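For reference, the structure is listed below as structure tokens.
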Amino acid sequence: MNMDKKIYDVIILGAGPAGLSAALYAARGGLSVLVIEKGINGGQIAATDAIENYPGQMLEGETGRSLADRMALQAEQFGAVRVQDVITEAVLDQEVKELAGQKETYRGRFVVLAMGASPRPIGCKGEAQFKGSGISYCATCDGNFFTGLDVYVSGGGDAAVEEAVYLTRFARKVTIVHRRDRLRAVKSIQERAFQNPKIEFLWDSVVEEAFGEGMLQGLVIRNVKTGELTRITADPADGMLGLFGFVGNIPNSSLVKGMVDMDERGYIRTGGDMRTSLDGVYAAGDIRVKSVRQVVTAAADGAIAAVHISAE
Ligand code: NAP
């Protein structure tokens with residue numbers, strides 16, 4: 001395994017809003033900064049069509065991805081280095097921390113864990129089989145495959161309702177399947193869905209099963225109150241239907257499991273200064289225990305972590 005010869009002041013894992021904000025603040029503060037990202041910039045916002053609630057973000061045509069790319073460029077302009085690699089092993093309980101990736105091993109005095117969270121599976125039968133052939137977790141990525149078709153959305157939070165509204169651009173009809181009789185999403189997002197004539201709701205319901213031959217052609221919906229099962233099949237002329245899962249997220253913290261303090265769901269516990277239970281290791285953004293998961297709070301976490309690192 002190759003070893004990057006440099007010992008960075010700060011290594012940031014993840015190039016979402018938390019990681020990129022930490023990179024900007026740390027690099028601008030004069031520290032040497034390495035950002036390691038396994039995929040593209042943005043984390044979860046890369047899969048979002050429009051960000052309407054990040055202060056000042058009113059540029060016409062801006063997507064989550066383009067906003068993240070500008071954040072990355074800004075951090076790079078202050079000297080942050082960004083590499084693409086998948087870290088498979090971390091040694092964090094020593095002064096110079098080591099992160100072994102598929103390409104190289106990286107060393108740094110401080111580490112910011114900003115790996116975010118990933119979509120939680122819907123939990124229905126057939127989910128793995130139809131992933132990519134009818135089941136998706138990203139409306140921006142896959143919405144246009146479902147042009148003119150019936151689409152079902154599982155979930156009732158901000159993501160489910162916002163993405164359901166987005167999917168009406170393509171789909172003939174979008175049905176939100178929610179396990180309760182009230183949405184979790186904030187009122188402003190709910191109202192947009194209630195006013196949209198293409199959106200319908202199946203309350204007190206979950207997707208029990210996905211079925212079809214090759215492509216997703218039907219769903220079994222279970223009413224959680226009555227136990228009643230309803231079989232929905234795609235219009236024969238369509239040949240298929242779509243199912244999008246937005247039932248919350250799972251933190252991407254398995255790399256550091258057992259190394260830093262976490263809650264029972266795997267979210268990392270930090271103080272208000274973003275320090276974890278391990279010296280020199282910070283966490284920022286959706287990966288940590290917090291009550292509000294927004295781009296602005298992720299960016300704030302990153303800034304706070306970097307400022308405290310600069311002072312150490
Ligand atoms: P979330 O707020 O955790 O909501 C998850 C939804 O899925 C809830 O409605 C939940 O039902 C339902 N659910 C959970 N497990 C389920 C299961 N096993 N089967 C069926 N349904 C299940 O997740 P999110 O919507 O992905 O949002 C994550 C975070 O990002 C939140 O903090 C949110 O505010 C934020 N976010 C913000 C925006 C925005 O500001 N525009 C957009 C997207 C996300 P219950 O309601 O019954 O619990």
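Values reported hereafter were calculated over all heavy atoms of this structure, with side chains retained and with hydrogens, waters and symmetry mates removed. Read the numbers this way: they start at 1 and go in the same order the structure lists the ligands and their atoms. Everything numeric in this text was worked out from a predicted model, so none of it was measured.
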Between the side chains of [X] and [Y], does any donor sit under 3.5 Å from an acceptor?
{"X": "E200", "Y": "Y152", "answer": "no"}
{"X": "N223", "Y": "D204", "answer": "no"}
{"X": "T63", "Y": "D49", "answer": "no"}
{"X": "T168", "Y": "N196", "answer": "yes"}

For the 3.5 Å polar cut-off, considering only N or O atoms, please tell me whether [X] and ligand 1 meet it.
{"X": "G156", "result": "yes"}
{"X": "G157", "result": "yes"}
{"X": "S154", "result": "no"}

Below 4.0 angstrom from a heavy atom of [X], which ligand 1 atoms are there? Numbered from 1 as shown, please.
{"X": "E162", "result": "41 (N), 42 (C)"}
{"X": "F246", "result": "6 (C), 7 (O)"}
{"X": "H178", "result": "9 (O), 11 (O), 45 (P), 46 (O), 47 (O)"}
{"X": "N249", "result": "26 (O), 28 (C)"}

Measure from atom 38 (C) of ligand 1 to every heavy atom in V247, N53, D158 and give the option owning the shortest one. D158

Nearest option to atom 24 (P) of ligand 1, as decided by whichever heavy atom of S205, A159, A185, G123 sits closest: A159

With heavy atoms only and a cut-off of under 4.0 Å, state how R180 meets ligand 1: side chain, backbone, both or neither. side chain

One residue to check: L183. Relative to ligand 1, which of side chain, backbone, both or neither has a non-hydrogen atom less than 4.0 Å away? neither

Please determine if R293 forms a cation-pi arrangement with Y267, meaning its NZ or CZ atom is less than 6.0 Å from the six-membered ring centre and no more than 45° off the ring axis. yes

Looking at F211, I'd like to know if the NZ or CZ of R231 sits under 6.0 Å from its six-membered ring centre while staying within 45 degrees of the ring's axis. yes

What do you reckon, does R120 put a non-hydrogen atom under 4.0 Å from ligand 1? yes

Under 4.0 angstrom from ligand 1, any heavy atom of Q44? no

May I ask you to decide whether D301 forms a salt bridge with R288, counting only side-chain N to carboxylate O separations under 4.0 Å? yes

Inspect the contact between D158 and R184 and indicate whether a charged nitrogen and a carboxylate oxygen are less than 4.0 angstrom apart. no

Verify ring-ring contact (aromatic ring centres under 6.0 Å, His included) between F201 and F194, making sure each step is shown before the conclusion. CA-CA 9 Å; F201 295 87; F194 289 135; 5.2 Å; yes

min-distance protein heavy atom vs atom 11 (O) of ligand 1 -> R179 NE, 3.0 Å

